[in-house]
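In what follows, a structure is listed as structure tokens, so that the remarks can point back to it.
So that the names make sense, note that chain A is the first sequence line, chain B the second, and so on, each numbered from 1. Remember, it's a predicted structure, so these values are computed and weren't measured experimentally.
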Amino acid sequence: MVRKRLADLEGLSEREVDVWPARFDRTHSTREIRESYGHLEADARTGQTAAVAGRVRLVRDFGRLVFITLSDQTGDLQLFVSGDHLAAESAELLPHLDLGDWVGATGEVITTRRGELSIGVDQLTLLAKCLAPLPEKWKGLRDVEQRSRHRHLDLVVNPESRQTFEIRSAVVAELRSQFHQRGFLEVDTPILTSRAAGAAARPFRTHHNALDIELYMRIATELYLKRLVVGGFERVFEIGRIFRNEGVDSSHNPEFTMLESYQAFADYRDVMDLVEEVIPAVARAATGATVVGREAADGPSVPLSLEPPFRKVSMLDLVSGQMGEEVTLDTEPHILGEMAASRGVETREGWGAGRVIYELFDRLSAPGLWEPTFVVDYPLEVSPLARRHRREPRLTERFELFIAGVEFANAFSELNDPVDQLSRFENQASLLGADDPELHPVDEEFVLALAYGMPPTGGLGLGVDRLVMLLTGRTHIRDVILFPTLRPTENPLWKTYRRLLARRFADLS
RNA sequence: GGGGCUGUAGCUCAAUUGGCAGAGCAACGGGCUUUUAACCCGGAGGUCGUGGGUUCGAUUCCCACCGGCCCCA
């Protein structure tokens, strides 16, 4: 097949047709044609000439008359190609036209007898040859792995996939706009760092040759951004790729996109207000609504409102409700341990009440949080970068936002006391165990920065990929990342193609 | 880490109680001037994921391996 299409191409170039033209003067997108002429009756002529360009998706060939469905980024349009009206050079091209070819078409805007808006083509130009066969036209490309692996084909044949990434672009654009509007300075902090810090996660390691040092790809942007607040940038944010050397599943990709923001003189209550404004604004900008359809695990799509105010509930109240009896930081550890064990939640020797309560929350309560919910006041042990709660020092001023059982945001009143911060870092060692791969050496530069004084600050981390999933109804993160991380494989087409293309290359030289 | 499912033509999928491998679309040849996933006729296309084992015979049964999907931890 490739051989035949290459032969077509050679045949055309021998007839002095430019088969790889450098440009084409398009006058209209297919959408513009539809918008300007969509109202026409059947069998109409407009006398208006237009030039459109796109990929050949369908061909209905009647011999002397050919209908072509042309597809560009904005939609589809029919080409009406009658042998009687086609310029001679274009007529030569027609028999060599294949599904998938990029063409330009010039002619009158008309409708057919059946009323289909069309271009009555008199000039047809090959813009680029499709040498490889496109996926099947009915079912397209279904296999989820193939769709991620060959994203270019997925985008050609699956319009809903194109739409997903258009929404993703709108989400990122609106996030950026929301933070700029509020006076946040957008910054870029290092991806290659000398130590991975700011989260509990395994980093990717790499090596810098000239400096001969180990480098780690960032697992968070948090510590750098807070150093900028120390430096006097009172509002900063970064939308950036984060890398965590961990497993891949429906909500985790080794590289993903996170927004982090920090604002001086604010606490976590202010950050809640911010999130309540930003999330609905982004939803409106990206989808036109603040209600999304979300499929329950075992049921049909249920509408989910993103309109504020969001529910606010403390972790202790939530866990108490879940357990059916009051749970506090003073609840005896063995009682908490029994609660966990009787519900199949594993705990470890030496965990304090806060750690066990967090585990109960994470395993039992969080998955059931359907409507947008701020869970507030996290135990100190699981929040090493958050300020102690102003009324209960064993808790922190921290919240996470849950929607449809998934964590979307994590935020706190930032810890700015360098003494407390250092002791928290050093306690992590005893908590995680000295050989835990998620344990990182203390970031000295960060602690020293705090020693110069960081104003009270409210910080936020927001998962961009998960937000896109929510707004597009996708349940797998790989559906919202253009090129998700995959095990490399050899494309079975490659051997054939390489041989054929190489032969053609040899003929040319 | 545990469990379940899965890999067959370029794509989407069948079939086989172990006996010549099937369809639609795409591609190829032919026909057709109003189609909408056009239609009609014809021919072609396969390392049945890889490697072993059992068997007269394995795509099918068994084992291992390589991918992938889902659920649980």
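Using modelled atom types and a 3.5 Å distance limit, the side chains of A:Asp76 and A:Thr69 yield no donor-acceptor pair. No side-chain donor from either of A:Arg26 and A:Thr106 sits under 3.5 Å from a side-chain acceptor of the other. Side-chain atoms of A:Thr164 and A:Thr472 form no donor-acceptor pair, as typed in the model, at a separation below 3.5 Å. Residues A:Ser29 and A:Asp72 bring no donor and acceptor atom of their side chains to less than 3.5 Å of each other.
Proximity note for A:Leu99 (side chain, C-beta onward) versus B:A27, B:C70, B:U34: the nearest is B:A27. Looking at the side chain of A:Arg64, the nearest of the listed nucleotides B:U33, B:A38, B:C69 is B:U33. With B:U33, B:U36, B:C11 as the candidates, the nucleotide lying closest to the side chain of A:Pro135 is B:C11. Nearest to the side chain of A:Leu141, among B:U12, B:U36, B:U33, sits B:U12.
Base pairing analysis places B:G29 opposite B:C41; the two distances defining the Watson-Crick or G-U wobble pair are each below 3.5 Å. Using the Watson-Crick or G-U wobble rule with both distances under 3.5 Å, B:G7 pairs with B:C66. The partner of B:G1 is B:C72, by the rule that a Watson-Crick or G-U pair needs both atom distances under 3.5 Å. The nucleotide B:C61 finds its pairing partner in B:G53, both defining distances of the Watson-Crick or G-U wobble pair being shorter than 3.5 Å. Nucleotide B:A23: paired with B:U12 (Watson-Crick or G-U wobble, both distances less than 3.5 Å).
At a threshold of 4.0 angstrom between heavy atoms, the contacts of A:His85 with the nucleic acid are absent. The residue A:Asp43 sits apart from the nucleic acid: no heavy atom pair falls under 4.0 Å. No contact: A:Gln146 has no heavy atom under 4.0 Å from any strand. Within the nucleic acid shown, A:Arg478 comes within 4.0 Å of sugar-phosphate atoms alone, with no base atom in reach, counting heavy atoms only.
Comparing B:A9 with B:C5, their C1' atoms sit 24 Å apart, to the nearest whole Å. A distance of about 24 Å separates the C1' atoms of B:U33 and B:C28, rounded to the whole Å. Rounded to whole Å, the P atom of B:A26 lies 8 Å from the corresponding atom of B:C39. Here the separation of B:G30 from B:A15, taken at their P atoms, is 36 Å to the nearest Å. B:A21 and B:U47: their C1' atoms are spaced 14 Å apart (whole Å). Rounded to whole Å, the separation between the C1' atoms of B:G3 and B:G45 comes to 40 Å. Comparing B:G46 with B:G7, their C1' atoms sit 15 Å apart, to the nearest whole Å. Distance check on atom C1': B:G49 versus B:A38 gives 38 Å, rounded to whole Å.
Applying the 6.0 Å contact sphere to CZ of A:Arg343 captures more than 12 heavy atoms from other residues, nucleotides or ligands.
Taking the nucleotide of RNA chain B with the nearest heavy atom to each of A:Leu58 and A:Thr112, the more 5' of the two is matched to A:Thr112.
In this structure, the CG atom of A:Asp249 is 14 Å from the C1' atom of B:G1, given to the nearest Å.
A ring-centre distance under 6.0 Å is not found for A:Phe402 and A:Phe408.
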